Protein chains: 2
Amino acid sequence: MTTSRRAKPETVTIRDIAARADVSPITVSRALRGSEVVRPETREHIARIARELGYIPNFAAGMLTSKVSSMIAVIVPNMANSIFATTLQEIGEGVGEDGYQLLIGCSDYSLEREEELVRTFLSRQTDAIVLTGHLHTPATEKMLRQSRVPVVEMWSLSGAPLGVSIGVNNYDAAVTATEHLISRGRRRIAYIGGDPSGNDRAQARIQGYRDTLEKAGLDFDPALLRTGSFEFDTGAEAVSFFVEEGLDVDAIFAASDIIALGVILELNRRRIAMPEKIAVCGFDDARIAQMVQPALTTIKFPRREIGQRVAEALLAMLSGRAPPQKTCDIGYSLIVRETT
Amino acid sequence: MTTSRRAKPETVTIRDIAARADVSPITVSRALRGSEVVRPETREHIARIARELGYIPNFAAGMLTSKVSSMIAVIVPNMANSIFATTLQEIGEGVGEDGYQLLIGCSDYSLEREEELVRTFLSRQTDAIVLTGHLHTPATEKMLRQSRVPVVEMWSLSGAPLGVSIGVNNYDAAVTATEHLISRGRRRIAYIGGDPSGNDRAQARIQGYRDTLEKAGLDFDPALLRTGSFEFDTGAEAVSFFVEEGLDVDAIFAASDIIALGVILELNRRRIAMPEKIAVCGFDDARIAQMVQPALTTIKFPRREIGQRVAEALLAMLSGRAPPQKTCDIGYSLIVRETT
DNA sequence: TTGAAAGCGATACCAC
DNA sequence: GTGGTATCGCTTTCAA
């Protein structure tokens with residue numbers, strides 16, 4: 001090598017290419033970005049040299065001047081849960097075609113963690129930020145407002161979104177599920193769900209459940225409301241609790257299919273018949289809902305559609321167009337199977 | 001506001017803080033990074049002003065000089081599949097504590113796509129890159145070598161890794177699965193798996209299956225080897241094919257639990273008894289393996305451990321320490337349930 | 001303990 | 001069409 005540069009000799013810059021092509025760096029910059037203004041032959045010549053040299057552009061440098069990172073941040077509570085993973089994949093595919101990369105953060109259902117993540121994502125100059133839910137710390141909202149970065153809140157619907165809100169009315173969905181159980185003649189309906197603190201989806205579902213009971217003239221029994229992690233065990237443990245405490249329960253609304261799965265397996269283990277003794281309704285319509293025995297009645301949560309709409313909205317906002325609408329209600333549906 | 005800066009007036013820089021604190025920008029830089037060299041009072045003073053001003057550091061600028069992005073790229077074939085999602089989450093948690101952010105890319109099982117992703121990740125100056133498998137395009141390998149970025153290849157084991165290899169011997173695992181089926185007295189053993197092109201895991205599993213048949217003196221029947229997508233349908237369709245073609249099959253080795261699930265459901269639908277008529281062995285030990293009826297015998301693939309080890313290795317390499325070992329075999333195990 | 005100067009690599013803006 | 005110049009915001013290096 002006969003380069004006369006200092007420092008890391010491996011790093012090829014547009015300067016090196018410029019020297020070899022006998023043009024100025026700025027021409028290289030233009031050529032590499034496919035600017036129409038550069039003569040085609042020059043462009044090809046430069047492209048060839050770049051390839052020969054194994055040139056790899058430095059995004060950080062570009063970001064500094066152009067102010068665009070081509071990165072989009074998405075914060076989900078958890079990504080091992082396939083429900084969020086599906087949406088992430090969908091968003092990634094949607095925006096990937098336009099050259100955007102996803103920066104994914106897990107909040108672990110903590111608003112403080114979300115705040116931290118927003119801070120670092122803003123530092124990284126992401127071009128947009130997608131949040132799960134519309135409940136955030138004041139600091140998070142302040143940062144987001146100040147930064148003027150396009151924001152999408154997904155999953156639940158917000159009346160006053162920071163930017164755009166795309167999701168489902170979780171309250172209504174819970175009402176539908178609870179009404180369905182009531183329509184099956186159930187009167188002692190339990191609720192098992194994830195911890196509602198800092199989680200607007202969980203809060204809305206609980207509220208929908210309680211309001212529906214009340215409207216039907218059924219008593220709300222606090223002992224029948226169980227919350228915990230969004231895991232399998234929460235469902236199994238709640239069932240054990242009901243049985244061991246001798247609480248008579250004739251239906252269970254599990255606010256996630258994973259939890260419902262725990263419920264079903266524990267009921268199976270105890271040989272408690274579904275839906276005869278206890279009816280079960282889940283939430284999400286995860287793949288396992290149709291797999292378990294008996295197959296789970298559940299609310300179909302449009303995780304794929306949400307991802308698609310989020311991607312659309314992002315691309316619209318990022319290209320300066322107005323997003324289709326401030327608030328986009330994707331809708332849900334009740335899938336009746338064997339457990340009710 | 002009485003700032004005298006041009007351009008975007010919202011952007012607060014260390015210069016602004018310096019002006020307010022009556023120190024030089026470099027002192028602010030040091031203070032904000034918690035350098036011990038700055039007097040504690042000055043440090044606190046600066047921190048307070050930064051907070052007041054809503055200062056958000058610009059990573060791009062830092063990256064340009066310091067050459068570290070605190071980002072780690074991970075390329076997986078697919079992230080909606082919970083098997084990869086779990087590993088991603090584990091890696092994210094492991095490196096997150098040290099301030100690293102994950103940049104996740106999906107290759108969709110395409111080596112060309114992987115190459116593209118590696119190129120953009122290198123552009124983004126990721127501090128390390130994690131790949132799934134050890135099969136890559138020549139261009140990918142060349143870029144990675146030239147860049148001198150720490151590389152981890154996970155999932156399968158490689159004799160000559162680009163950097164560090166952490167995973168499972170897929171060949172051996174397939175041998176174990178096939179031998180298990182043979183030990184159950186099966187002689188017409190089918191293989192259903194994902195497309196092996198560009199996928200060393202799939203290739204190794206097929207090879208293990210074929211070699212084991214041969215060793216046992218069983219004929220390899222090409223009609224019993226079915227490949228397709230890593231989806232549910234592949235399993236169901238293969239079963240239909242076997243039945244409709246009248247091929248007598250007494251065991252099925254499905255190289256992924258999702259595929260095995262399709263197999264089980266289709267067999268159930270056709271009222272073909274497991275394991276009496278057909279024994280089934282899966283691969284992964286996904287959560288559904290113990291949920292389906294009958295419960296699925298499968299190879300437990302240590303997705304969580306892989307994530308943890310990958311994170312450890314990354315942190316070691318990134319802090320200049322040598323990783324524990326070039327090649328790390330995590331091991332697998334056979335979980336016998338009801339389908340065999 | 002603090003600061004001045006010199007970039008990092010690429011791009012925007014304005015000449016030519 | 002092409003090039004010079006001035007940043008972008010921060011950190012490294014060397015002095016004080």
Side-chain angles (χ1 to χ4, degrees), chain A residues 3-46 50 53-70 120 122-125 127 147, chain B residues 3-46 50 53-70 120 122-125 127 147:
Chain A
T3 44
S4 59
R5 303 185 63 258
R6 329 130 294 273
K8 281 206 180 180
E10 341 283 351
T11 315
V12 180
T13 73
I14 55 171
R15 256 208 195 63
D16 301 315
I17 300 174
R20 276 270 269 262
D22 209 33
V23 294
S24 76
I26 183 65
T27 301
V28 175
S29 169
R30 284 198 269 251
L32 258 24
R33 275 177 299 161
S35 164
E36 290 293 330
V37 87
V38 181
R39 194 161 10 109
E41 304 116 67
T42 322
R43 218 155 59 198
E44 275 172 39
H45 184 212
I46 289 174
L53 262 39
Y55 169 72
I56 291 186
N58 184 331
F59 250 87
M63 277 165 66
L64 208 51
T65 35
S66 72
K67 307 282 186 217
V68 306
S69 65
S70 296
T120 81
L122 252 18
S123 281
R124 292 185 186 283
Q125 318 283 110
D127 297 338
S147 72
Chain B
T3 43
S4 59
R5 302 185 63 259
R6 332 129 293 274
K8 281 205 180 181
E10 341 283 350
T11 315
V12 180
T13 74
I14 54 170
R15 257 211 195 61
D16 302 316
I17 301 174
R20 277 271 270 262
D22 210 33
V23 294
S24 76
I26 183 60
T27 301
V28 175
S29 168
R30 284 198 269 253
L32 258 23
R33 275 177 300 161
S35 164
E36 291 292 331
V37 87
V38 180
R39 193 161 11 109
E41 305 116 65
T42 322
R43 219 155 58 197
E44 275 172 39
H45 185 213
I46 289 174
L53 261 38
Y55 170 72
I56 291 187
N58 184 331
F59 249 88
M63 277 166 66
L64 208 50
T65 33
S66 71
K67 306 281 186 216
V68 307
S69 65
S70 295
T120 82
L122 252 19
S123 282
R124 292 185 186 283
Q125 319 283 108
D127 297 338
S147 72

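No experiment lies behind these values; they were computed from the predicted model shown. In what follows, every chain begins at residue 1, and chains take the letters A, B, ... in the order their sequences are listed.
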Proximity to the side chain of A:Arg39 - top-ranked nucleotide from C:dA10, D:dT2, D:dG9 | D:dT2

Please tabulate, for side-chain N and O atoms in residues 21-29 of chain B, each donor-acceptor pair with protein atoms closer than 3.5 Å (sequence neighbours left out).
unit_1, atom_1, unit_2, atom_2, d
B:Ser24, OG, B:Thr27, OG1, 3.3
B:Ser29, OG, B:Arg33, NH2, 3.0

Report yes if a side-chain nitrogen or oxygen of B:Thr13 is closer than 4.0 Å to either non-bridging phosphate oxygen (OP1 or OP2) of D:dG9; otherwise report no.
-> no

Assert: residue with more 5' nearest nucleotide on DNA chain C, out of B:Thr27 and B:Leu64, is B:Thr27

Runs of at least three Watson-Crick or G-U pairs with DNA chain C, cut-off 3.5 Å = C:1-16 with D:1-16

Say you draw a straight line from CD1 of A:Ile17 to CD1 of A:Ile46; how long is it, rounded to the nearest 0.5 Å?
-> 8.0 Å

For A:Arg30, check salt bridge (charged side-chain N to carboxylate O under 4.0 Å, His left out) against everything at least two apart and list the hits.
-> none

A:Lys67 atom NZ is separated from C:dA12 atom P, nearest whole Å, by 11 Å

Nucleotides 11-16 of chain D: protein proximity per nucleotide (B base, S sugar-phosphate only, - neither; heavy atom, under 4.0 Å) | BB----

Are any of B:Tyr55's side-chain N or O atoms less than 4.0 Å away from OP1 or OP2 of D:dG9?
-> no

Counterpart residues, salt bridge (charged side-chain N to carboxylate O under 4.0 Å, His left out), relative to B:Arg20 (two or more places apart) = B:Glu52

Residue set satisfying side chain to side chain donor-acceptor pair (under 3.5 Å) with B:Glu36, at least two apart, ordered chain then number -> none

With B:Leu122 via side chain to side chain contact (heavy atoms under 4.5 Å, CB included) - residues at least two apart | A:Ile56, B:Val118, B:Ile129, B:Met143, B:Leu144, B:Ser147, B:Val149

Starting from P on D:dC10, measure out to CD1 on B:Ile46 and report it in whole angstrom.
-> 13 Å

Would you mind classifying the nucleic acid contact of A:Val38 as base, sugar-phosphate or nothing, using non-hydrogen atoms under 4.0 angstrom?
-> sugar-phosphate

Pairs meeting criterion side chain to side chain donor-acceptor pair (under 3.5 Å) with involvement of residues 54-66 of chain A, two or more places apart = none

Rounded distance [0.5 Å steps], OG in A:Ser70 versus CE in A:Met63 = 9.0 Å

Atom CD of B:Gln125 and atom P of D:dC10: how far apart are they, to the nearest Å?
-> 18 Å

Given C:dT1, is OP1 or OP2 found less than 4.0 Å from the side-chain N or O atoms of B:Thr42?
-> no

Measuring from A:Thr11:OG1 to A:Leu53:CG, what's the distance to the nearest 0.5 Å?
-> 12.0 Å

Can you tell me how far P of D:dG3 sits from CG of A:Asp22, to the nearest Å?
-> 8 Å

Considering only side-chain heavy atoms of A:Asn58, which listed nucleotide, C:dG9, D:dG3, D:dG1, is closest?
-> C:dG9

